[in-house]
Each structure stands twice: as C-alpha cells, then as structure tokens.
Amino acid sequence: MRFDVITLFPELFAPFLTSGVTRRAYSTGQVDVRLWNLRDFADGNYRRVDDRPFGGGPGMVMMAEPLAQCLRTVRAERADAAPAVLFSPIGRRLDHAGVVAWSASAGAVLVCGRYEGIDQRFIDRYIDVQVSLGDFVLSGGEIAAMALLDAVARLQPGVLNDQDSHQLDSFNPALDGLLDCPHYTRPDSWGPPGDDVRVPDVLMSGHHAQIESWRRQQRLSLTATHRPDLIAAARAAGRLSAQEESFLTGLAQTGIKVDNSLL
Ligand code: SAH
C-alpha cells in the first residue's frame, strides 16, 4: 500500500521511518511512504503557504492553492483513487477497526494541517475523510499521520518479530476486543530486599493451560476496571462464556470499582 504525506515538516518523518520494528515495513515498501514538502508547491520568493484569516482573529490559515497544486501532483503520480485524508479534530477518532481498514487498503493521501487550520474551500473540494487522534489539539497533523502509519505498519505480515503477535494486543477481535494482560520478565523477584515483588506463580509453573486461563482472567478484570464499555461490547457480540460472566459477577461482588483515572 502507498501513503503520500503532504506536510510542511517532512524532516519529522525520517527518524520515525527508520526506527523500531516497523522500519522494515517502510524499507521494503510494504508500506510505501512518500513525503511531499508543501513548500515546494508555493509560489513567490517567500514560498508562502499561509496567510491571515479573513474576518480577523489569531494565527494563520493554510492557503488552498499550494495544497491543491501538491495534491494534483500526487494524483498524477499515483494511478488509483486513494482517498485524501485530512487530520483534524473534526474527524472520526482513529481506533482499532479504523486501523484494520486502512491496513487492508491501497493507502491514502495524508494531509497534515498546521497553524489554525486549512482554508475550508480546499477541504470541501478535495478531502474525502477526516481523521482525529482524539479530543485534544495538536500543533500539526504530522503526529497523527505517524500514529496512523505506525499502527498500520505493525499489522502488516512479517513486520512484528513474532508473526501474528498483534492478535494478542489490546482491542484485537481475536481476543474479543479486550485489553491486554500484564506482562513480566526477569528477574522473577524484583525490588529491594524485604520489599521485593515476585512474578505471579502461575507464570512460572510451565502449565500452559493455566497460564492462558490466568491471562484471560487478567484481561477480563483489567478491562472491567478500566474500560467497561469494551466488556459490554464483547458481551453484546456473544463473546463471553457463562463461566466468564460469573467470573465478572464475582469481581463486581468484591467491590471492583471502575477507575477512570487512567483514561
Ligand atoms: N484550529 C483547529 C486546530 C488547528 S491545529 C481547531 O481548533 O480545531 C493544526 C493542525 O493540527 C490541524 O489542522 C490538524 O491537521 C492537526 N490536528 C490538531 N489536532 C488534531 C487531532 N486531534 N487529530 C488530528 N489532527 C489534529
């Protein structure tokens, strides 16, 4: 798949595209990322890409024409009709289902806004989809673009060291959309003498079925605590067994509280 990224800061992407497990996806072209410097499509000595807002107010607005010129050039270079995506607080919030859909697609043209935003006439004429990273405001769409690319790249076959390990991650339908379980590694006892913490015994038991059952229970209780909405969704999809329902009822009876402090 191919992602063309239109940005005023292409240099932000270099370390991102060459680091970590996902770099393989980018270097092999499995996820083919092409960067377009919007300034190259601006006219005049100053290569101006922004101007003051009509009607007054603070900040600057990205002008429609350099964006349109850049997008036309991208379109001429890629034959398909990949959607033009604008990162914006207006958009639908990116989630696992969205990432899965992008990772099975032919890609997109990603437009990164800056300043106060983009001239609405460009958005109305050229943008097919708007995507948000969450209910907060970034200085630019680049971090949102990298978030989408990263999440898409790690779903590509062969990118993670352990094939299919993403299926064990949070939100994956393979584990009914629950949160991931806690992880532990060496040493088996950690902390100052007398105040050290041991890894849960079951993980040291070598008993595969018991480990899996412990992990499932951890997923259920963590999800019930932090994201009860995901439990409700798994239940509605008929993904919880009678045994698991009674485990959850037992948890509720022990006074488990919904903790929103980590959200
Ligand atoms: N004035 C705008 C924010 C502009 S921030 C508003 O109040 O909604 C500049 C750019 O950062 C935006 O054009 C957009 O491309 C990007 N951006 C900001 N917040 C974002 C978010 N939550 N998700 C995705 N992109 C975002």
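Index from 1, following the sequence. Here the structure is a predicted model, which means the values were calculated and not measured. All values below were derived from every heavy atom in this structure, side-chain atoms included, with hydrogens, water molecules and symmetry-related copies excluded. One-based numbering, in listed order, for ligands and for the atoms of each.
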Side chain to side chain donor-acceptor pair (under 3.5 Å) pairs, two or more places apart, involving residues 94-111 = R92-D95
Parallel, tilted or perpendicular, as decided by the 30° and 60° cut-offs, for the rings of F16 and F13 | perpendicular
May I ask you to say whether E244 pairs ionically with R239, meaning some side-chain N is under 4.0 Å from a carboxylate O?
-> no
Pairs involving residues 9-28, ordered by first then second residue, that meet side chain to side chain donor-acceptor pair (under 3.5 Å) (sequence neighbours left out) | R24-N161
Output yes when a side-chain donor or acceptor of Q217 lies under 3.5 Å from a complementary backbone atom of S213, and no otherwise.
-> no
Could you give the N/O to N/O pairs under 3.5 Å linking ligand 1 and the protein, each with its distance?
residue, atom, partner, partner atom, Å
ligand 1, 1 (N), E116, O, 2.8
ligand 1, 11 (O), G140, N, 3.4
ligand 1, 15 (O), F87, O, 2.6
ligand 1, 15 (O), G113, N, 3.0
ligand 1, 19 (N), L138, N, 3.0
ligand 1, 22 (N), G134, O, 3.0
ligand 1, 22 (N), F136, O, 2.7
ligand 1, 23 (N), L133, N, 2.9
ligand 1, 25 (N), S88, N, 3.4

Keeping to residues at least two apart or across chains, list the side chain to side chain donor-acceptor pair (under 3.5 Å) pairs with something in residues 189-203.
-> S189-D196
